[in-house]
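Remarks on the structure that follows.
In listed order, ligands and their atoms are each counted from 1. Since the structure is predicted, the reported quantities are computational estimates derived from the model, not experimental observations.
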Amino acid sequence: MSSNWDAFYGTAGLRPVVNVSGTMTALGASIAVPQAIEAAAAIMPRFVLMGELHARASAVVAQATGAEAGFITASASAGITLAVAAAMTGPDLARIERLPDTEGMRNRVVLQAGHNCNYGAPLDQAIRLAGAKVDLVGTATLVAEHSIVGAITEATAAGVFVVSHHVVDYGQVPLRRFAELCHARGVPVIVDAASEYDLHGFLADGADAVLYSAHKFLGGPTAGIMAGKRELVRAAYMQNTGIGRGMKVGKESIAGAMAALKAWSGRDAAAIRARETAALERWRNAVHGTPGVVARIVADPTDNPLDRFQIDVDASRAGASALDMAADLAAGDPAIIIRDHEADHGILQLDPCNLHPGQAELVAARLCETLARAARHELKPVDADAWRRRHEAALATWGPDPE
Ligand SMILES: *Cc1c(COP(=O)(O)O)cnc(C)c1O
């Protein structure tokens with residue numbers, strides 16, 4: 001890694017971080033592609049007619065997704081709120097002004113229980129933020145078609161469908177059927193596909209609007225991308241004169257998201273995949289033969305074209321738990337942040353899609369060091385309950401250091 005790399009962190013007073021966790025908001029999302037950085041920088045000192053810029057962006061989203069229209073929002077989460085608002089108000093400016101008061105509007109949203117996940121905030125809150133009421137259908141692990149049919153009433157404004165590794169991946173009604181059941185009653189379907197690489201499939205399966213994050217796989221600036229039916233997208237855009245104002249997207253994010261979308265279609269997917277595979281193989285070779293550690297390469301659970309490196313840790317043989325290892329990697333310099341959401345099952349994953357040159361090697365070396373220290377029983381044990389509460393603890397102590 002270049003010395004420039006380290007200089008940034010020192011000057012900013014921030015800890016250097018190597019991200020093998022994935023596109024995480026808590027780590028700054030993704031590595032922005034050069035096209036997005038240039039486009040954002042070019043527009044920042046200039047004035048534009050924002051309505052015109054939004055319309056150009058709409059055309060770029062339509063081109064990239066095959067949708068009739070598109071709208072750039074502050075984030076996918078904001079996009080969920082604004083799409084739901086659009087489904088409730090339509091193009092009625094008086095209604096738009098009245099939100100989140102929804103009196104006299106269809107204001108209920110159908111959501112399968114297993115889809116009500118937390119991506120850093122509760123999914124249903126993004127719906128409720130518009131003033132809508134959520135009708136959770138079925139149970140977390142089983143949703144029947146008749147339950148969806150029964151939940152749709154005269155007051156139903158939309159159905160929301162979530163595609164994500166965060167949702168329950170069995171026992172839910174698939175999008176094609178969910179959309180058929182909603183459409184049979186004239187109810188539009190909004191799909192949260194924030195982290196999904198597939199820019200066409202959800203629209204083809206019946207979505208009226210789909211939401212993506214610009215700052216995840218696309219490598220854009222922080223923004224959301226709504227793609228869908230012209231009337232619904234326009235009604236979402238119109239929310240900028242209402243509740244959308246507090247979720248305003250800037251010109252730099254619109255220009256950057258447009259550039260990232262254009263760059264996406266031109267990227268060398270095979271070369272990226274080959275680089276990622278090389279990192280995975282390097283990590284597998286690095287830990288090969290470590291007692292108590294089983295290494296494998298696993299496919300993405302929602303079929304994104306992405307594999308991850310996984311180790312299953314048997315703490316009694318490895319000399320430390322998966323949690324102890326994750327904490328040790330995060331405590332080093334640079335901090336190495338890995339995927340630890342299944343650490344209490346002894347599972348750790350390393351995601352190769354946000355690596356800078358030289359970092360795959362660095363991660364391999366640090367992983368070996370951590371495993372060697374584990375074998376010598378030198379790792380600090382992590383209290384599992386404290387770890388479970390770590391986000392709350394970090395919030396409670398956040399702030400400038402005391403003088
Ligand atoms: C990341 C994510 C979001 C939030 O996206 P933002 O653009 O960061 O607001 C919403 N839903 C799912 C499933 C996600 O993975």
Side-chain angles (χ1 to χ4, degrees), residues 19 21-32 36 57 61 65 70-85 109 111-130 134 140 158-169 172 174-175 178 189-199 201-202 205 207 209-228 236 239 243-244 246-250 252-254 256-258 260-261 264 300-304 306 308 337 339 341 349 351 353-354 391:
N19 176 11
S21 177
T23 48
M24 299 294 168
T25 287
L27 299 179
S30 60
I31 301 170
V61 174
T65 61
F71 168 42
I72 306 298
T73 64
S75 63
S77 189
I80 296 167
T81 305
L82 299 181
V84 167
V109 171
L111 176 70
Q112 301 189 71
H115 283 193
N116 192 23
C117 61
N118 187 310
Y119 49 74
L123 185 118
D124 69 290
Q125 189 178 41
I127 299 170
R128 290 184 286 112
L129 202 48
V134 176
V160 167
F161 189 100
V162 184
V163 188
S164 170
H165 73 280
H166 291 300
V167 305
V168 178
D169 65 356
Q172 313 294 309
L175 177 56
F178 184 79
V189 171
I190 297 161
V191 174
D192 173 8
S195 294
E196 304 306 302
Y197 289 49
D198 182 351
L199 294 179
F202 310 115
D205 277 351
V210 186
L211 296 152
Y212 299 97
S213 296
H215 47 277
K216 292 185 177 173
F217 59 98
L218 289 168
T222 299
I225 295 166
M226 177 182 182
Q239 307 297 323
I243 61 170
M247 310 171 195
K248 180 165 74 176
V249 62
E252 64 284 0
S253 286
I254 301 173
M258 292 165 73
L261 272 173
W264 178 249
D300 179 76
T302 59
D303 296 333
N304 288 315
L306 171 69
R308 297 189 179 89
I337 310 294
R339 271 173 110 76
H341 58 280
Q349 288 186 345
D351 183 309
C353 69
N354 286 292
H391 296 306

List for me each residue that meets ring pair (Phe, Tyr, Trp, His ring centres under 6.0 Å) alongside F161, sequence neighbours excluded, and say none if there are none. H115, F178
Y212: what forms a ring pair (Phe, Tyr, Trp, His ring centres under 6.0 Å) with it, not counting sequence neighbours? none
Shortest non-hydrogen contact from P221 toward A214: O-CB, 3.5 Å
Ignoring hydrogens and geometry, is there a side-chain-to-backbone donor-acceptor pair from N354 to S30 under 3.5 Å? no
Any residue meeting ring pair (Phe, Tyr, Trp, His ring centres under 6.0 Å) with H215, in chain and number order, not counting sequence neighbours: none
Shell of residues surrounding ligand 1, defined by a 4.0 angstrom heavy-atom cut-off that is strict: T25, S75, A76, S77, Y119, S164, D192, A194, S195, S213, H215, K216
Minimum-distance pair of heavy atoms, taken over all atoms of L27 and S21: CD1-CB, 4.0 Å
